[in-house]
Amino acid sequence: MKKYIPAEVETRWQKKWKETGLYGVDLKSAKTPFYLLVELPYSSGDLHIGHWFAFAVTDIFGRFKRMQGFDVFFPVGFDAFGLPAENAAIKRKLHPQDWTFKNIETMTNQFQLMGGIFDWDHVAITCLPEYYKWNQWIFLKMLERGIAYRGKTLSNWCPVDKTVLADEQVISGKCDRCGADIELKEISQWFLKITDYAEELLWPGSEEVDWPKSVIEGQNNWIGKREGAVIRFEVVTEGQRDKAGEGIEVKENTSKVGSDSFEVRTIEVFTTRVDTLFGATFLVLAPEHPILTKIVPKNNSNEVERYQFISAGKSQVERKEMREKTGVFTGAYAINPISGKEIPVWIADYALMGYGTGALFGDAHDERDVEFAKKYKIPLKPTLVTGKKDRDKLILNLEEVFTGEGILVDSGEFSGMTSAIAKKAIVKKLEEEKTGQAQIQYHLHDWSISRQRYWGTPIPIINCPKCGAVPVDEKDLPVELPYDVDFTPQGKPPLATAEAWMKVKCPKCGGDAQREPETMDGFFDNSWYFYRYLDPKNEREPFDKLRAQKWMPVDIYFGGAEHTLGHTMYSRFFTKFFRDLDLVDFEEYAKRRVNHGVILGPDSHRMSKSRGNVVNPDEEVKSYGADSIRLYLAFIGPYDLVAPWDPGGIRGVYHFLQRVWGLGEKVTSDWLSGDQVRRSSGEKNPDNPITQQPENLHMMHKTIKKVTEDIENIKFNTAVAALMEWLNYLSGKVHAGKVTKVAKESKESKVSGTSDSSDSSDSFVTSVTRLEYEVFLKLLAPFAPHITEELWQELQKHESRSMNHGKEKPKNLNNVFTRPKVAKFIIHDSIHSQPWPKYDPALAQAKKITLVVQVNGKLRDRLPVEAGISQQEAEKLALASDKVQRWIGDANPRKVIFVNDRLINFVI
RNA sequence: GCCGAGGUGGCGAAAUUGGCAGACGCGUACGCUUUAGGAGCGUAUGGGGUAAAACCCUUGGAGGUUCGAUUCCUCUCCUCGGCACCA
């Protein structure tokens, strides 16, 4: 018997598949497009087991769909710009481009080992000018439409990487690349107005969107839509205060001071709780609030400035860890527009400049406000009760802050209203008096895309001293990234040091001008790569519109759970922008999204070189073969599982493949040597008694059904289990055949044990039919493409031999793929071109079932019965059982519950 | 604190209109067969209990609904992921 040597089988078939060009799809002529997408990998160096998990396992899905008759497009590319390349290059004293190109070459070769159906004619590599030209083009379109703009705000600054980061790249106050504490700096940079799409990016509720709930909820939370109101508080000046006196109610219009010395200033405050406005007894401004320069009285300015200085020096993390509230009184007062009361204005860390208006009012129904007020002895006034009776308790006991909605008290004309009604009524009044209005606030901020680094897409702008920021003309794209640049981070963009590159003429006035030295965030590049995959060589436009219409939206998109907030949301934003450009005519770019899990090292920790727990896929391929890795990764657990790599587990599936191999060897050699009657057993002879055996048929159809449905539902692990089960069953038949034969032999002739293995093969003929074996191989083919191809071709050889002898012709199973390439394919019937087996639902249903018998809900017996047994029949059988009788005795069942083909339960 | 996903044998895990808990695999034990390799084949394997049965217990914990709950409801504990002074 030939031995199963995966390396031999796999290299041979990979070569053959490549030569014949069986894989890849003609995007133009495809009739049944299916776009299978996996997040493009970063060109980081070596392919690791995570890449296998992402690509090789999804390849199972792709091959399955292909056998089902779809034209599956499964492209690969590389996310190649960005900090890791730059940092690695600095460390190794290389150029980022050289480092990246080398990695791409290595990874491309490693990808081949997977045996995937990737389309190498449609590769997108983001660091090539032919790709990033279109980044620049998109940027210019955004500029035209006011979606891209230059702005200056407090931004996330990473002191180690020396660049600005987007909010989504800050993880718990730290840089997502290097982990350094993020500082807030006021920096002028390019933004994308993603907030224009905030409302559209909100996922609709309870939709039949096939995206994970965690992504939908996560994005909606991040967008953070809040409905509330903006309220204007007039600031009372020192002069006024002197007249009005402390604590005295300021009558309406007293703040309407028109004289020169009393400039009127307004503080805008956002709140979602207008219902507590009557209880607003102080205002809190963020330390960076710009209005402070206008309202702080001179005698307070030292203290205020000191506090501003201290909080400006704090990083985000420090601010967060300093949970204890701090702040200082500004010396200014403002008027609560609804109550007319004069209240103090404070500044404090806990008011954030980045949210709402950077100012809030403090009241007795917010824990933070209460904590702050208590510390600084600011009076509080509860204005909400849960019910009338609780009022006194709430006022006296500020330990328990009531933050829910309730009934208003001490709130003038609004007293007695519920929060919900009062909110509307108060906003209405504020609007009438022009002291406020309803407003919707989002947590989502505009996306900062400027990076003060080298390895990225140059922003296509020319800064002219006369004309300002002038967009590069479309015909001058791409603005190529120069190679010879000192790219070590110095706090200013490295491109600024490339003097020759920087110097240009202004396209508008023709005068001397300079290029924009900043580059784009890498997330810009990968926000639209899946469009480019469709048309990577297009020189006139980012992609062909008609082609996108045909292939988009992506049918299924696999990727990591960590891309919930950044990548997948940005891609949605780009898609909506493309829709506005009339490039696409749909709203969402992927019909279905599946998050994959993470494979940890054998020690249950994240794989890392420093830990020494990295499983090298190339090594595993050598020992067990790609088929085993694919199968193991599919089998390890649910696809979103986070689980360690188990060296024993891969040996388990390797063992399984060896058994498949063994079965194949036995079965084919048998058919080869068997006579005509035997060879024709199986599907070609429906009268064959073996085929007719209901149990065999049932197992086959049941397995087809299970594997089909499980792959469709991304439940690869149970699909593999079903195949294992069927193999166990089939080998059980072989085993039984062997036993029968040995018994027969010893009975007939007492031949001493010289039976060699090829001899015993006779018995298989009567066990495993050709149909069973073929179907088994087809079902296994997406998981283990190489070994199944090998065994399949072996089988075909035998078929053609019998054909040469003038026996019946094999039916042409090549009817699914009509591509001309396939027609002249030398291995004219690769197993991967076969149609996916179909099952008969009736046969998938078991004929014989085990009926469970319960007494009072407790299992007491199991009865093997025919499916479809009637209740009367079941009752009769069950009552005849001793085990049941023991529990029922002569009691009369009060009630009998009968579930068809499942159980019968006697209640006594 | 908020949002999301989870908690089932020694381990990875199965089990959905509520109906046999633990499929499949790993590991372990015993046996066989070869061998001496860490290979192959077979049997057993949730816990207790028994000579063997019978029987009892068991899906993080406590209640509840039901003839019947891993599954539904209430409360609670824990783990993982995300967000977080968001007014």
Side-chain angles (χ1 to χ4, degrees), chain A residues 171-173 212-222 224 226 228 269-273 276 280 283-284 286 319-325 348-352 354-363 365-369 371-372 441-443 561-562 564-565 595 597-598 604 631-632 635-638 640-653 655-656 658-659 662 706 715 717-728 731 735 849-862 883 886 893-908:
Chain A
I171 312 296
S172 312
K213 201 176 171 187
S214 57
V215 176
I216 291 176
E217 300 284 324
Q219 293 191 354
N220 283 353
N221 274 343
W222 183 254
R226 300 287 146 80
V269 169
F270 175 75
T271 183
T272 55
R273 296 300 302 274
T276 63
L283 289 185
V284 183
R319 272 208 192 184
K320 206 174 288 177
E321 278 163 3
M322 291 274 300
R323 293 302 280 209
E324 167 103 6
K325 305 230 171 339
D349 255 356
Y350 85 93
L352 307 171
Y355 185 75
T357 58
L360 57 93
F361 70 71
D363 63 72
H365 299 290
D366 181 288
E367 287 186 22
R368 295 155 311 206
D369 293 346
E371 186 194 330
F372 187 75
Q441 190 70 41
Y442 298 92
H443 168 256
E562 70 274 20
T564 294
L565 291 187
N595 285 351
V598 180
S604 295
L631 200 59
Y632 172 60
F635 183 58
I636 188 167
D640 57 3
L641 180 82
V642 177
W645 176 271
D646 173 14
I650 187 157
R651 283 196 288 274
V653 295
H655 179 207
F656 166 74
Q658 276 175 328
R659 291 178 61 209
K706 177 83 179 146
K715 289 166 76 177
N717 55 332
T718 47
V720 175
L723 285 168
M724 287 174 165
E725 231 172 309
W726 194 24
L727 179 72
N728 289 346
S731 357
H735 184 67
I849 53 129
T850 305
L851 189 74
V852 170
V853 186
Q854 296 183 337
V855 179
N856 286 337
K858 285 212 179 242
L859 174 76
R860 294 305 176 193
D861 202 3
R862 301 166 218 254
K883 288 179 189 166
R886 201 177 303 149
R894 202 150 46 82
K895 197 168 161 191
V896 180
I897 285 140
F898 179 71
V899 182
N900 232 345
D901 286 351
R902 294 246 185 200
L903 90 161
I904 185 157
N905 182 14
F906 298 95
V907 186
I908 55 170

For the side chain of [X], starting at C-beta, report the closest nucleotide among [options].
X        : options             : result
A:Ala643 : B:G12, B:C26, B:A14 : B:G12
A:Arg886 : B:A54, B:A13, B:G82 : B:A54
A:Ile171 : B:C26, B:C20, B:C83 : B:C83

Less than 4.5 Å apart, side chain to side chain, heavy atoms only: is that true for A:Leu727 and A:Arg659?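 The answer is yes, as the side chains (C-beta and beyond) meet within the 4.5 Å cut-off.
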Side chains of A:Ile904 and A:Val896: does their closest heavy-atom pair fall under 4.5 Å?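 Touching, per the 4.5 Å side-chain cut-off.
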With rounding to whole Å, what would you report as the distance between [N] and [M] at their [atom1] atoms?
N     : M     : atom1 : answer
B:C57 : B:G63 : P     : 15 Å
B:G18 : B:C72 : P     : 8 Å
B:U76 : B:G81 : P     : 24 Å
B:G48 : B:A84 : C1'   : 49 Å
B:A14 : B:G7  : P     : 9 Å
B:U74 : B:C26 : C1'   : 39 Å
B:A13 : B:A51 : C1'   : 36 Å
B:A44 : B:G60 : P     : 28 Å

Indicate, with a heavy-atom threshold strictly under 4.0 Å, whether [X] touches base, sugar-phosphate, or nothing.
X        : result
A:Leu565 : sugar-phosphate
A:Asn717 : sugar-phosphate
A:Gly597 : nothing
A:Pro638 : sugar-phosphate
A:Arg226 : sugar-phosphate
A:Thr272 : sugar-phosphate

Can you tell me if the side-chain N/O atoms of A:Arg902 get under 4.0 Å from OP1 or OP2 in B:A15?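 So the side chain of A:Arg902 is outside the cut-off, no N or O lying under 4.0 Å from OP1 or OP2 of B:A15.
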Does a side-chain N or O from A:His655 land closer than 4.0 Å to OP1 or OP2 of B:C41, or not?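 Looking at the OP1 and OP2 atoms of B:C41, one of them is under 4.0 Å from a side-chain N or O of A:His655.
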Tabulated below should be each protein N or O lying under 3.5 Å from an N or O of nucleotides 62-72 of chain B; please produce it.
residue	atom	partner	partner atom	Å
B:C67	O2	A:Asn905	ND2	2.2

Where are the stems of RNA chain B, defined as at least 3 consecutive Watson-Crick or wobble G-U pairs with both distances under 3.5 Å?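 Looking at RNA chain B, the stems formed by three or more consecutive pairs are B:1-7 with B:77-83, B:10-12 with B:24-26, B:27-32 with B:40-45, B:46-48 with B:55-57, B:60-64 with B:72-76.
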Does A:Lys325 make a cation-pi contact with A:Tyr350, if we ask for NZ or CZ under 6.0 Å from the ring centre and within 45° of the axis?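 Judged by the rule, A:Lys325 and A:Tyr350 form a cation-pi pair.
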Roughly, in whole Å, what's the span from [atom1] in [X] to [atom2] in [N]?
X        : N     : atom1 : atom2 : answer
A:Leu859 : B:U58 : CG    : C1'   : 15 Å
A:Arg860 : B:A54 : CZ    : P     : 11 Å
A:Phe635 : B:G25 : CZ    : C1'   : 4 Å
A:Tyr632 : B:G25 : OH    : P     : 15 Å
A:Ile216 : B:A5  : CD1   : P     : 11 Å

Look at the side chain of A:Asn717 and the backbone N and O of A:Ile636, then say whether any donor-acceptor pair between them is shorter than 3.5 Å.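 Between the backbone of A:Ile636 and the side chain of A:Asn717 there is no qualifying donor-acceptor contact (under 3.5 Å).
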